[in-house]
Amino acid sequence: MTDLAAVKAALKSQAVETPSWAYGNSGTRFKVFAQEGVPRTPREKLADAAKVHEFTGVAPTVALHIPWDEVDDYAALAGFAKEHGVRLGAVNSNTFQDDAYRLGSICHPEAAVRRKAVDHLLECVDIMDATGSRDLKLWFADGTNYPGQDDIRARQDRLAEGLAAVYERLGGNQRMLLEYKFFEPAFYTTDVPDWGTAYAHCLKLGPRAQVVVDTGHHAPGTNIEFIVATLLREGRLGGFDFNSRFYADDDLMVGAADPFQLFRIMYEVVRGGGFGSEVAFMLDQCHNIEAKIPAIIRSVMNVQEATAKALLVDRDALTGAQAAGDVLGANAVLMDAYNTDVRPLLREVREEMDLDPEPLTAYARSGWAERIVTERVGGQQAGWGA
């Protein structure tokens, strides 16, 4: 039987990091859609993120993106976050929005361009020192579009060299989280296309190099929970970028397309000891047509619901059915947990945390949406590249 008190305690301890860029304007390849009240500065992004944490109670940190969140004083930015009840989380680098990176960044054939990319990554570590951030998150758009365009093995050598230089710079409590993506924007080869490539590089670097699983960065039909289970078994799962997709990297709200997949992933996290450990649970989403803050609140709630169901799996019954070769019985144990309506449980958890049991309703009542529309007039709204 499942210990309900333990489930509640685990849910209360959960932390989901929200991304600063999700509060800004975003769009498709064809159009970036502006919304009223969108933040104009990193501080306004943090103020919005603080509202998500205020109403969910489990979103205490905010990921930064450099240079989108560039400021003159990062220690002061960390102080502002603290004043608003949140902390600065992972620092995300950007080696894909400079003209110099047309043929790649850290894997580029020219040494000067590689140096530029590595210098940016080292700058991100400097920022981590100032903000107290633990994680440097790396995603590279590097790759090739045509056979023969560049030497595939040489690009891996350059990648390894650049990563090693950055890893050496990390402080004792800092980590490097390496993300992978199987295609786009490079369509012939991608230099970090899968978890195996990321894992191989992390293995060479050392224990503070970990793999990030972006739930949108897989081919259709990929068994993501197998990847999660394997990386946990090897002690190399650094974190998640949670989102959802129907076709490729759609960056939709987590759990929107396949909530059952999210449950299966979270079960492997719970089963593998990743819940309550140093595995970072982060959102990486773009809210193009929906209101930003409510969408992020809903996304945090989706992660909570999947986690609650995963925690409710009767592990003893499941183990017994598996050992007995009871295929249908084992599947039924998982399905019983997945089909449980955990919303009443989560309402109880929130009430015990002195929160409103209905975060979206509470946010709508707060007047924050109307206030930011009134106050954030003029200036340049934050968005892609801003």
_Applying side chain to side chain contact (heavy atoms under 4.5 Å, CB included) to Leu103 and Val113, what does each step give before you reach the verdict?_
CA-CA 9 Å; Leu103 300 179; Val113 177; over 6 Å; no

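- In terms of modelled atom types and a separation under 3.5 Å, the side chain of Asp194 and the main chain of Thr197 share a donor-acceptor contact.
- For residues 322-361, every residue pair satisfying the ring pair (Phe, Tyr, Trp, His ring centres under 6.0 Å) rule, not counting sequence neighbours, is listed here: Phe260-Tyr338, Phe263-Tyr338.
- The aromatic rings of Phe183 and Phe187 lie tilted to each other, with the angle between the two planes from 30° to 60°.
- One side chain, Asp284 or Trp21, offers a donor N or O that lies under 3.5 Å from an acceptor on the other.
- Arg40 places no side-chain N or O within donor-acceptor distance of the main-chain N or O of Gln380, the cut-off being under 3.5 Å.
- Between Trp368 and Asp48, the side chains place a donor N or O and an acceptor N or O closer than 3.5 Å (distance only, hydrogens not considered).
- Tyr167 and Leu136 fall within a single hydrophobic cluster, where Ile, Leu, Val, Met, Phe, Trp and Tyr are joined by side-chain heavy atoms under 4.5 Å apart, directly or via other members.
- By the neighbour-count criterion of 12 heavy atoms within 6.0 Å, atom NZ of Lys12 is densely surrounded, having more than that number from other residues, nucleotides or ligands.
- Between Thr95 and Phe140, the closest side-chain pair of non-hydrogen atoms falls below 4.5 Å.
- Of the possible polar contacts, one joining the Asp142 side chain to the Ser105 backbone as a donor-acceptor pair under 3.5 Å is found.
- Leu311 and Val303 fall within a single hydrophobic cluster, where Ile, Leu, Val, Met, Phe, Trp and Tyr are joined by side-chain heavy atoms under 4.5 Å apart, directly or via other members.
- Under the salt bridge (Lys or Arg N to Asp or Glu O under 4.0 Å) criterion, no residue pair touches residues 320-337, with sequence neighbours excluded.
- What you find for Asn25 and Ala34 is that their closest heavy atoms are OD1-CA, 3.4 Å.
- The backbone N or O of Val86 sits nowhere less than 3.5 Å from a side-chain atom of His84 that would complete a donor-acceptor pair.
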*Apply salt bridge (charged side-chain N to carboxylate O under 4.0 Å, His left out) to the pair Asp249 and Arg245, showing each step before the final yes or no.*
CA-CA 6 Å; Asp249 185 21; Arg245 59 126 175 92; over 6 Å; no

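- For the residue pair Glu234 and Tyr199, a side-chain donor N or O sits within less than 3.5 Å of a side-chain acceptor on the partner.
- Aromatic ring centres of Phe33 and His287: separated by at least 6.0 Å.
- A heavy-atom distance below 4.5 Å is found between the side chains of Arg376 and Pro39.
- Residues Arg134 and Asn173 come closest through the heavy atom pair CG-O, 3.3 Å.
- Side chains of Leu334 and Val313 form a contact here, defined as non-hydrogen atoms less than 4.5 Å apart.
- Residues Val192 and Glu179 fail the side-chain proximity criterion, which asks for heavy atoms closer than 4.5 Å.
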*Any chance you could lay out the side chain to side chain contact (heavy atoms under 4.5 Å, CB included) test for Leu232 and Val279, step after step, and finish with the verdict?*
CA-CA 9 Å; Leu232 276 169; Val279 176; 4.2 Å; yes

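- Each of Asp250, Asp214, Leu252 was compared with Asn243 under the side chain to side chain contact (heavy atoms under 4.5 Å, CB included) criterion, and only Asp214 meets it.
- No donor-acceptor distance shorter than 3.5 angstrom exists from the side chain of Arg264 to the backbone of Ile224, with no hydrogens or angles considered.
- The backbone N or O of Asp191 lies less than 3.5 Å from a partner atom in the side chain of Gln156, making a donor-acceptor pair.
- In this structure, Thr319 contributes its side chain and Asp316 its backbone to no donor-acceptor pair below 3.5 Å.
- Rounding to the nearest 0.5 Å gives a distance of 12.5 Å between CG of Leu328 and CE of Met335.
- Contact check for His53 versus Val62: no side-chain heavy atoms found under the 4.5 Å cut-off.
- The NE2 atom of His201 lies 14.5 Å from the OH atom of Tyr180; values are rounded to the nearest 0.5 Å.
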*asked:* Using the rule given for side-chain hydrogen bond (donor to acceptor under 3.5 Å, both in side chains), can you reason through Asp129 versus Gln174, listing the C-alpha separation, both sets of side-chain angles and the distance that settles it, and then say yes or no?
replied: CA-CA 9 Å; Asp129 291 341; Gln174 293 173 339; 2.9 Å; yes

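- Contact of the Leu345 side chain with the Leu11 side chain is registered, since non-hydrogen atoms from C-beta on lie closer than 4.5 Å.
- Although no hydrogens or angles enter the test, the distance criterion places no donor-acceptor pair under 3.5 Å between the side chain of Glu17 and the main chain of Ala280.
- In this structure, Phe96 and His65 have perpendicular ring planes: the angle between them is above 60°, well past the 30° mark.
- How far CZ of Arg347 is from CG of Leu355: 14.0 Å, rounded to the nearest 0.5 Å.
- Contact of the Arg43 side chain with the Val71 side chain is not registered, since no non-hydrogen atoms from C-beta on lie closer than 4.5 Å.
- Between the side chain of Ser26 and the backbone N or O of Ala22 there is no donor-acceptor pair closer than 3.5 Å.
- With rounding to the nearest 0.5 Å, the separation of CG in Leu262 from NZ in Lys309 is 9.5 Å.
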*Could you check Asp150 against Arg158 for salt bridge (charged side-chain N to carboxylate O under 4.0 Å, His left out), going step by step and ending with a plain yes or no?*
CA-CA 12 Å; Asp150 200 359; Arg158 299 167 201 154; 2.8 Å; yes

*Please step through salt bridge (charged side-chain N to carboxylate O under 4.0 Å, His left out) for the pair Arg343 and Asp341, ending with a clear verdict.*
CA-CA 6 Å; Arg343 291 174 298 176; Asp341 184 356; 3.0 Å; yes

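- Between the side chain of Arg236 and the main chain of Ala209, a donor-acceptor pair closer than 3.5 Å is present.
- Val91 and Phe281 fall within a single hydrophobic cluster, where Ile, Leu, Val, Met, Phe, Trp and Tyr are joined by side-chain heavy atoms under 4.5 Å apart, directly or via other members.
- Leu231 and Tyr267 are members of different hydrophobic clusters when ILVMFWY side chains are connected at heavy-atom separations under 4.5 Å.
- In this structure, CD1 in Ile372 is found 10.0 Å from CD in Glu36, a value given to the nearest 0.5 Å.
- Cluster membership for Ile297 and Met253, using ILVMFWY side-chain heavy atoms within less than 4.5 angstrom, is not shared.
- Between Thr215 atom OG1 and Asp251 atom CG the span is 8.5 Å, to the nearest 0.5 Å.
- A heavy-atom distance below 4.5 Å is found between the side chains of Glu123 and Glu70.
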